[in-house]
2 protein chains.
Amino acid sequence: MAERGPRRRVTIADVARHAQVSTTAVSKVLRNAYGASPAMRDRVKAAIEELGYRPHAAARAMRGRTFTIGVLLPHIRNPFFADVLDGVNEQLAGTSYQAILVQGGGTDLAAESRAIEALIDRQVDGILMIAPLTAKSRLEEVAAEMPLIVLGRHERSSAYDAVFDDDDAGTELVVRHLIELGHRRIGHISQRCPGRGRPLALPHLTRAETYRRVMDEHGLAAEIAIAVTSWTEEGGYDGTRELLARSPRPTAIFAGDDQAAFGALAALHEAGLSVPGDMSVAGDDNTKLAAMANISLTSVDQDGVLMGRTAARLLLERVEGRAAAMRFSVTPTLVPRRSTGPAPADQG
Amino acid sequence: MAERGPRRRVTIADVARHAQVSTTAVSKVLRNAYGASPAMRDRVKAAIEELGYRPHAAARAMRGRTFTIGVLLPHIRNPFFADVLDGVNEQLAGTSYQAILVQGGGTDLAAESRAIEALIDRQVDGILMIAPLTAKSRLEEVAAEMPLIVLGRHERSSAYDAVFDDDDAGTELVVRHLIELGHRRIGHISQRCPGRGRPLALPHLTRAETYRRVMDEHGLAAEIAIAVTSWTEEGGYDGTRELLARSPRPTAIFAGDDQAAFGALAALHEAGLSVPGDMSVAGDDNTKLAAMANISLTSVDQDGVLMGRTAARLLLERVEGRAAAMRFSVTPTLVPRRSTGPAPADQG
DNA sequence: CTGAAAGCGCTAACAG
DNA sequence: CTGTTAGCGCTTTCAG
């Protein structure tokens, strides 16, 4: 009959009593603050150990820090986010900070806003947002209230730090790679952008824009073909069906990210087209699955763990007081695999 | 020069002043508590709206609830967890509760303990643990302190609720399916179990045990072959290589879960073996990718969204006061696809 | 129905 | 170096 919470939690007062000191002394020891003799320090530490005391985060929150870092991410379906999170946790390990995640509703802006507010209401010491959809102006408002790092967006702001992949370079690598293989009709799959108003500097927009630019630079402006769906398996599938319906159909697809590329491969398989014989496919993110021998998907590698680690480091710096904005950009590399090959001969 | 937090947050006192009532009144309105006239209620609500007041979770935590549900999950690499989480968020939408996630270190028991403590220290109103490694005795301690739901484990406890897939039934479906296709040498990939001491009722142990039982029941005890790696792409790859090294090698592999099955498919591709011609492969979880035409992986479907929704519902019930333990089990179904087929003729 | 007042556990002035 | 004390924002008796 699990009676709930009968055993009152050990508090700083219990520790103080047990160690025969004041609560102030305990607090000082806990925070490694100035003004506690080694002897007292030892006695308090022993008492903490004996009583199994752990600080009550909510009580701390009322005066000082919560030692909690809030991480906002759109969803947990993209393995790239898992890499980023591993980097974050790696950087936080050994500190007293703990990361808590909240899921913003994918492409639902309102849900994301609620998630951000939830984090603020819970008084986290700093926030890391992964590819948020929220308008820059709102991000700056949040940054005015607490340390903020934005991962995966390119805008420049003096209010928060930015950690991002150089999407421009990555896309250029992919599109050039395809062009060098002789492709001219290269399709692209992008995502719907939920934000009304000014377009955000989100990866999918940068990639689409760069795709356009590189095509144009090679005199292929007329061959530009973008299917706007979403970067999920289904989105890649649907987008590919859309591109296949064109006449003449493309000979290569840059799917935007790996998840979409997997959907593209499925759609091509279903259509009876061979890869890369009839159609080349490239993704972006270089997920584990892309490297698997039976998939062997050409992709763009960006070090997600490094990005996560860096973001967490920058955030802790801000929590410690840094105010000047920093930007950290990761340079991607192309990983060519068997899903891309020479354009079919009939293309000329 | 983002000056941090200059604009003091709106508090209940501000609202009270603005609405010309006491803070008690505001608090009552916020909690829909008894003892506030409709008129006052309206006035307070208007003030809240005007001032953009949002309750301060930490302050609430000191007296009452935080309206926060803690979700512990091993990692975010398994798409099945994403389904569960969608179910949780779906159930929580419309309530005032917010889910926060913490990642326990995969197979690292100590990291998981720290994550659980982090949740307790942050005074969540209830905890949902997804496939935790922690010993049952510790789970019961936690359950004595706060509402707890455990998802994905089979033990029976009077202290917390359990939501789980009937892994026994699922595995039986897969193994029988393979046996009916004429396979006799059926290999299995399982995970290393970190827990010392009593084995936990985790899915991979149930599946392995059931695999053994069904093989035995069909007189195939001698053909039992288990590779113990991990349920990741790499683990599936390594496990398959291990099984392939046996002589004679199996003609079918039940990979334990889809992620591992993807690794298995890669290893077989690399080994030049055809699926299902030379080897049948089955997974478990029925992830989106398994359904893709080019993969077409036979799998076991278990409704993750339903499980998440149910877990969240049960947790809220407990938060509201229910004490009697409940168990909810989801019945899985087999989804046969092209990755499984008749055993090669040479098997007899 | 309404409000004054006493804390929840902790931190940070401030005295001693 | 040490301890006393006044809150942080909210909930919750308990009088009016």
Side-chain angles (χ1 to χ4, degrees), chain A residues 5 7-44 47-48 51-68 96 120-125 145-146 319, chain B residues 4-5 7-45 47-48 51-68 96 120-125 145-146 319:
Chain A
R7 187 170 79 265
R8 201 179 50 77
R9 238 190 117 131
V10 179
T11 77
I12 203 175
D14 298 323
V15 175
R17 207 172 308 121
H18 194 266
Q20 314 256 50
V21 297
S22 71
T23 58
T24 312
V26 179
S27 177
K28 277 180 177 159
V29 173
L30 281 172
R31 293 170 296 123
N32 275 315
Y34 178 81
S37 64
M40 170 179 276
R41 209 167 276 278
D42 288 347
R43 216 138 47 98
V44 170
I48 287 175
L51 270 52
Y53 167 80
R54 291 203 317 264
H56 195 306
R60 284 185 141 178
M62 305 231 42
R63 288 320 237 105
R65 300 188 184 162
T66 51
F67 294 97
T68 306
S96 350
I120 296 174
D121 295 345
R122 276 156 193 79
Q123 204 77 4
V124 293
D125 294 333
E145 283 192 59
M146 58 177 54
V319 170
Chain B
R4 192 70 25 71
R7 189 172 76 264
R8 200 179 51 77
R9 237 191 117 129
V10 179
T11 76
I12 203 174
D14 298 322
V15 175
R17 208 171 308 124
H18 194 267
Q20 315 255 50
V21 297
S22 71
T23 57
T24 311
V26 180
S27 176
K28 278 178 179 162
V29 174
L30 282 172
R31 293 171 296 120
N32 276 315
Y34 178 80
S37 63
M40 169 179 278
R41 209 167 276 278
D42 289 347
R43 218 139 44 98
V44 170
K45 279 190 171 155
I48 288 175
L51 271 53
Y53 166 80
R54 292 203 316 265
H56 194 307
R60 284 187 141 177
M62 306 234 36
R63 289 318 237 106
R65 299 186 184 166
T66 51
F67 294 97
T68 307
S96 350
I120 296 174
D121 295 345
R122 275 156 194 78
Q123 204 78 5
V124 293
D125 294 334
E145 283 191 60
M146 56 177 56
V319 170

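Per chain, numbering begins at 1; letters A, B, ... match sequence-line order. Keep in mind the model is a prediction, meaning the values are calculated, not measured.
For D/dG9, neither phosphate oxygen OP1 nor OP2 lies less than 4.0 angstrom from any side-chain nitrogen or oxygen of B/Thr11. Within the structure, a side-chain polar atom (N or O) of A/Arg60 is placed less than 4.0 Å from OP1 or OP2 of C/dT11. Dashed line: the shortest gap from a side-chain N or O of B/Thr24 to OP1 or OP2 of C/dT2 is not under 4.0 Å. The shortest distance between the side-chain N/O atoms of B/Tyr34 and the OP1/OP2 oxygens of D/dT11 is not below 4.0 Å. Listed pair B/Arg65 / D/dT11 fails the phosphate criterion, with no side-chain N or O lying under 4.0 Å from OP1 or OP2. Residue A/Ser37 places at least one side-chain N or O closer than 4.0 Å to OP1 or OP2 of D/dT2.
One can place CZ of B/Arg122 at 15 Å from C1' of C/dG9, the figure rounded to the nearest angstrom. The CG atom of A/Asn32 sits 16 Å away from the P atom of C/dC10 (whole-angstrom rounding). D/dG3 atom P lies 14 Å from atom CZ of A/Arg17, rounded to whole Å. Residue B/Ile12 contributes atom CD1, which lies 18 Å from atom P of C/dA6 at whole-angstrom precision. The distance between atom CG of A/Asp14 and atom C1' of C/dG9, rounded to the nearest whole Å, is 10 Å. The NZ atom of B/Lys28 sits 9 Å away from the P atom of C/dC1 (whole-angstrom rounding). Following rounding to the nearest Å, B/Gln123 (CD) and C/dC10 (P) show an atom-to-atom distance of 10 Å. Whole-Å rounding puts the B/Arg54 CZ to D/dG9 P distance at 15 Å.
Between B/Arg31 and B/Lys28, the closest side-chain pair of non-hydrogen atoms falls below 4.5 Å. Contact of the B/Arg9 side chain with the B/Arg54 side chain is registered, since non-hydrogen atoms from C-beta on lie closer than 4.5 Å. Using a 4.5 Å heavy-atom threshold, the side chains of B/Leu30 and B/Ile12 count as touching. Taking the side chain as every heavy atom from C-beta outward, A/Thr23 and A/Thr11 never approach each other to under 4.5 Å.
When heavy atoms are screened at a 4.0 angstrom cut-off, B/Ala36 is found touching the sugar-phosphate backbone but no base atom.
Closest contact between the side chain of A/Arg31 and the listed nucleotides C/dA12, C/dT2, D/dC10 involves C/dA12. The A/Met62 side chain lies nearest to C/dG9 when the options are C/dG3, D/dT11, C/dG9. Listed nucleotides D/dG3, D/dT5, D/dT12 differ in distance to B/Arg63; the shortest reach to its side chain belongs to D/dT12. Of the candidates D/dT11, C/dC10, D/dG3, the closest approach to any side-chain atom of B/Leu30 belongs to D/dT11. Among C/dG9, D/dC10, C/dG3, the nucleotide with an atom closest to any side-chain atom of A/His56 is C/dG9. If you check C/dC10, D/dG3, D/dG9 against the side chain of A/Ser22, the one that comes closest is D/dG3.
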Does B/Thr68 form a side chain to side chain contact (heavy atoms under 4.5 Å, CB included) with A/Arg122? I'd like the steps, not just the answer.
CA-CA 9 Å; B/Thr68 307; A/Arg122 276 156 193 79; 2.7 Å; yes

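Contact check on B/Lys45 versus B/Asp42 returns no salt bridge, with no Lys/Arg side-chain nitrogen under 4.0 Å from an Asp/Glu carboxylate oxygen.
Judged by closest nucleotide on DNA chain D, A/Pro38 is the one of B/Ala58 and A/Pro38 placed further toward the 5' end.
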